[in-house]
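Being a predicted model, the structure only gives us computed values, none of them experimental.
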Amino acid sequence: MTRNDLADYVRRGLVDYRVPISATIMVAALASMFVLGSQSASSFATYLLALYVLAAAPRWRSLFLDWGFLALVGLLVYLPLTSLWSTPWDLRGALSQATRAVLVFAFVVSLAECMQVDWFRQRMTWVVSIVGAAASTAAMWVFFATTPEDGRLNGLGQLDTHVAAGMVFAVAAICGLSWLLDNRSSRSAKARVAVIVAVAVLVVGVALTGSRNAMACGLLGIGVVLIARRAPSARQCVARVVGLAAALGAVLVAAYVFVPGADTLILPRGDSLRLGIWSYYAQRIGESPWFGLGILTDDLTEVDGLPVLHPHSLFLAVAWQGGLVGLALMFVVIGATLKTLLRHFAAAEAKLGLAIWSIGLPGYLIDGHELVDKIGWTWLLFWLPVAIGLGLRAGHGLGDARRFGPLAVPTS
């Protein structure tokens with residue numbers, strides 16, 4: 001075999017097994033998030049994924065014909081650019097933000113391609129639920145062994161805060177529940193039992209975090225999964241979900257107001273200084289409402305004598321970084337994704353994306369602070385549904401041509 005023959009053999013192998021290779025790297029990166037405390041360590045696999053995606057640019061360059069994809073690119077370019085007017089200017093920080101945007105871009109494009117293959121969605125949801133349950137079990141062992149003073153469970157790895165652990169455990173539970181509904185006739189009873197146990201462990205883990213945000217959003221997510229499987233159309237699904245959210249909200253408000261002691265049970269820490277925090281950041285955003293203060297501008301402050309590290313709202317954080325322009329780009333990406341998920345409501349991956357965003361979008365109203373970041377909980381709660389939407393649009397491209405090119409894998 002000549003050197004050219006060997007190179008051609010390797011190239012064909014990389015093409016033939018493109019999705020399995022991308023899927024392996026991606027799932028390994030997502031799984032590491034549950035157990036590795038270093039974000040840089042988890043990011044190692046995402047750097048490989050980025051190189052793999054960028055090297056195959058001809059396969060996805062036709063995605064630039066999609067307006068939703070253009071909005072996504074605009075958002076990922078604009079937010080790092082705000083480092084140019086950040087205070088203080090930091091070249092190293094600016095390069096770091098640009099790198100993070102590339103990593104997010106590669107993740108979304110790669111996942112969009114992988115989602116066009118039926119087996120990927122099922123294996124990914126199974127792995128996320130099982131690994132999430134293992135991480136939840138380990139966190140509960142530490143929780144009961146150490147008995148933290150605040151009585152709240154912290155996650156391991158990058159999920160070392162109550163909110164992050166609760167939200168990610170909720171998404172992992174949603175993945176497990178979706179897998180069970182997709183595999184009702186599975187011949188592997190052991191696999192089904194494993195996922196059922198995993199979902200139960202994850203639900204307990206969410207409860208032990210004490211995060212009311214994660215509990216409420218997780219409950220809504222479970223409701224969306226079950227409703228989406230039974231609703232005959234996207235319109236009826238939306239109507240039922242809105243009804244469920246309204247009923248859940250009404251019950252909580254009524255209990256908070258009329259049931260003695262329910263207020264401390266529902267909100268044991270009051271508003272957790274949220275009103276004071278949001279007021280401060282909203283006032284500062286007023287200094288540069290259109291373009292924001294810049295992604296590198298220090299957002300550390302104090303409220304009632306306590307240190308506050310960030311705005312505690314992903315949407316407010318984007319407004320802080322990129323102003324109304326950045327927020328508008330974010331809403332365009334959200335709108336394009338939601339439109340796609342509802343238009344392709346019959347697809348199982350669309351229902352998965354809607355369920356995840358029923359946790360992520362409401363949850364990020366009062367938590368979160370970094371939309372463009374290295375691999376972390378935002379990748380699961382925000383960027384994964386964006387990738388699903390992009391994959392659905394790419395799989396139904398102009399005419400009969402796939403937007404991932406002639407080498408794209410079949411959907412079945």
TODO: Please confirm whether the backbone N or O of Glu370 pairs with a side-chain atom of Thr378, one donor and one acceptor, at under 3.5 Å?
DONE: yes
TODO: Applying ring pair (Phe, Tyr, Trp, His ring centres under 6.0 Å), name anything that partners Phe64, two or more places apart in sequence or on another chain.
DONE: Phe69
Task: Phe44 CZ: over 12 foreign heavy atoms closer than 6.0 Å - done: no
TODO: Please test Phe120 against Met26 for side chain to side chain contact (heavy atoms under 4.5 Å, CB included), starting from the C-alpha separation and ending with a verdict.
DONE: CA-CA 11 Å; Phe120 172 77; Met26 190 183 314; 4.0 Å; yes
TODO: Report yes if the side chains of Leu361 and Phe382 come closer than 4.5 Å at any heavy-atom pair, otherwise no.
DONE: yes
Open item on the list: Between Ser279 (side chain only) and Leu275 (backbone N and O only), is there a donor and an acceptor less than 3.5 Å apart?
Closed with: no
Task: Pairwise distance CH2(Trp67) to CG(Leu72) - rounded to 0.5 angstrom - done: 11.5 Å
Open item on the list: Tell me whether Asn183 contacts the main-chain N or O of Trp179 through its side chain, where contact means a donor paired with an acceptor under 3.5 Å.
Closed with: yes
Open item on the list: For the backbone of Pro362 and the side chain of Trp357, can you confirm whether one donor and one acceptor N or O come within less than 3.5 Å of each other?
Closed with: no
Open item on the list: Less than 4.5 Å apart, side chain to side chain, heavy atoms only: is that true for Val386 and Trp379?
Closed with: no
Open item on the list: Any side-chain to backbone donor/acceptor pair from Asp304 onto Leu306? Under 3.5 Å, distance only.
Closed with: no
Task: Non-hydrogen side-chain atoms of Asp271 and Trp278 separated by less than 4.5 Å - done: no
Open item on the list: Are Leu380 and Met33 packed together at the side-chain level, in the sense that at least one heavy-atom pair is separated by less than 4.5 angstrom?
Closed with: yes
Donor-acceptor pairs under 3.5 angstrom involving side-chain atoms of residues 212-219: please list them, not counting sequence neighbours.
{"residue": "Arg212", "atom": "NE", "partner": "Leu265", "partner atom": "O", "Å": "3.1"}
{"residue": "Arg212", "atom": "NE", "partner": "Ile266", "partner atom": "O", "Å": "3.3"}
{"residue": "Arg212", "atom": "NH1", "partner": "Gly210", "partner atom": "O", "Å": "3.0"}
{"residue": "Arg212", "atom": "NH2", "partner": "Leu265", "partner atom": "O", "Å": "2.7"}
{"residue": "Asn213", "atom": "ND2", "partner": "Gly363", "partner atom": "O", "Å": "3.0"}
{"residue": "Asn213", "atom": "ND2", "partner": "Asp367", "partner atom": "OD2", "Å": "2.9"}

Task: Donor-acceptor under 3.5 Å (Gln39 side chain, Ile375 main chain) - done: yes
Task: Contacts of type side chain to side chain contact (heavy atoms under 4.5 Å, CB included), residue Pro311, not counting sequence neighbours - done: Tyr281, Asp299, Leu316, Ala317, His369
Open item on the list: Quick check on the 6.0 Å ring-centre criterion: do Phe34 and Trp377 meet it?
Closed with: no
Task: Ile277 CD1 to Ser313 OG distance, which is reported to the nearest 0.5 Å - done: 10.5 Å
Open item on the list: Let's go through Leu76 and Val108 carefully: what are the C-alpha distance in whole Å and the side-chain angles of both, what is the deciding distance for side chain to side chain contact (heavy atoms under 4.5 Å, CB included) to 0.1 Å, and is it a yes or a no?
Closed with: CA-CA 11 Å; Leu76 292 177; Val108 172; 5.8 Å; no
Open item on the list: Contact between Leu220 and Ile359 at the side-chain level, heavy atoms closer than 4.5 Å - yes or no?
Closed with: no
TODO: Supply the atom-to-atom distance His310 NE2 to Asp298 CG, rounded to the nearest 0.5 angstrom.
DONE: 12.5 Å
TODO: Would you confirm whether Thr146, through its side chain, and Val142, through its main-chain N or O, come within 3.5 Å as a donor-acceptor pair?
DONE: yes
Task: CG-CG distance between Asp373 and Leu79, expressed to the nearest 0.5 angstrom - done: 12.0 Å
Task: Any side-chain heavy-atom pair of Arg121 and Trp126 under 4.5 Å - done: no
Open item on the list: Around atom OH of Tyr280, are there more than 12 heavy atoms from other residues, nucleotides or ligands closer than 6.0 Å?
Closed with: yes
Task: Results of ring pair (Phe, Tyr, Trp, His ring centres under 6.0 Å) for His162 - residues two or more places apart only - done: none
Open item on the list: Quick check: do Ser178 and Val225 have side-chain heavy atoms less than 4.5 Å from each other?
Closed with: yes
Taking only distance into account, with no hydrogens and no angle test, what donor-acceptor pairs under 3.5 Å do side-chain atoms of residues 318-342 form with protein atoms, sequence neighbours excluded?
{"residue": "Thr337", "atom": "OG1", "partner": "Val333", "partner atom": "O", "Å": "2.8"}
{"residue": "Thr340", "atom": "OG1", "partner": "Ala336", "partner atom": "O", "Å": "2.9"}
{"residue": "Thr340", "atom": "OG1", "partner": "Arg393", "partner atom": "NH1", "Å": "2.9"}

Open item on the list: Could you check whether Asp182 pairs with Arg229 (Lys NZ or Arg NE/NH1/NH2 to Asp/Glu carboxylate O, under 4.0 Å)?
Closed with: yes
Open item on the list: Would you call the rings of Trp60 and Phe105 parallel, tilted or perpendicular, taking 30° and 60° as the class edges?
Closed with: perpendicular
Task: Check: Gln158/Ser42 side-chain N/O donor and acceptor closer than 3.5 Å - done: yes
Could you pull out every donor-acceptor pair under 3.5 Å between side chains of residues 240-264 and any protein atom, sequence neighbours left out?
{"residue": "Arg240", "atom": "NH2", "partner": "Gln236", "partner atom": "OE1", "Å": "3.2"}
{"residue": "Thr264", "atom": "OG1", "partner": "Gly261", "partner atom": "O", "Å": "3.0"}

TODO: Drop me the distance from Leu352's CG to Cys175's SG, to the nearest 0.5 angstrom.
DONE: 5.5 Å
Open item on the list: The test is side chain to side chain contact (heavy atoms under 4.5 Å, CB included); show your working for Lys351 and Leu181 and say whether it passes.
Closed with: CA-CA 11 Å; Lys351 296 176 182 179; Leu181 294 174; over 6 Å; no
TODO: Determine yes or no for a side-chain-to-main-chain donor-acceptor pair under 3.5 angstrom, with Ser86 supplying the side chain and Ile295 the backbone.
DONE: yes
- [ ] Check whether more than 12 heavy atoms from other residues, nucleotides or ligands sit under 6.0 Å from atom CH2 of Trp141, and answer yes or no.
- [x] no
Open item on the list: Contact between Ser110 and Tyr52 at the side-chain level, heavy atoms closer than 4.5 Å - yes or no?
Closed with: no
TODO: Verify, without hydrogens or angle tests, whether Ser136 (side chain) and Gly132 (backbone) share a donor-acceptor contact under 3.5 angstrom.
DONE: no
Open item on the list: Evaluate Arg274 against Ile366 for side chain to side chain contact (heavy atoms under 4.5 Å, CB included), listing each step before the verdict.
Closed with: CA-CA 8 Å; Arg274 288 296 194 278; Ile366 60 175; 4.3 Å; yes
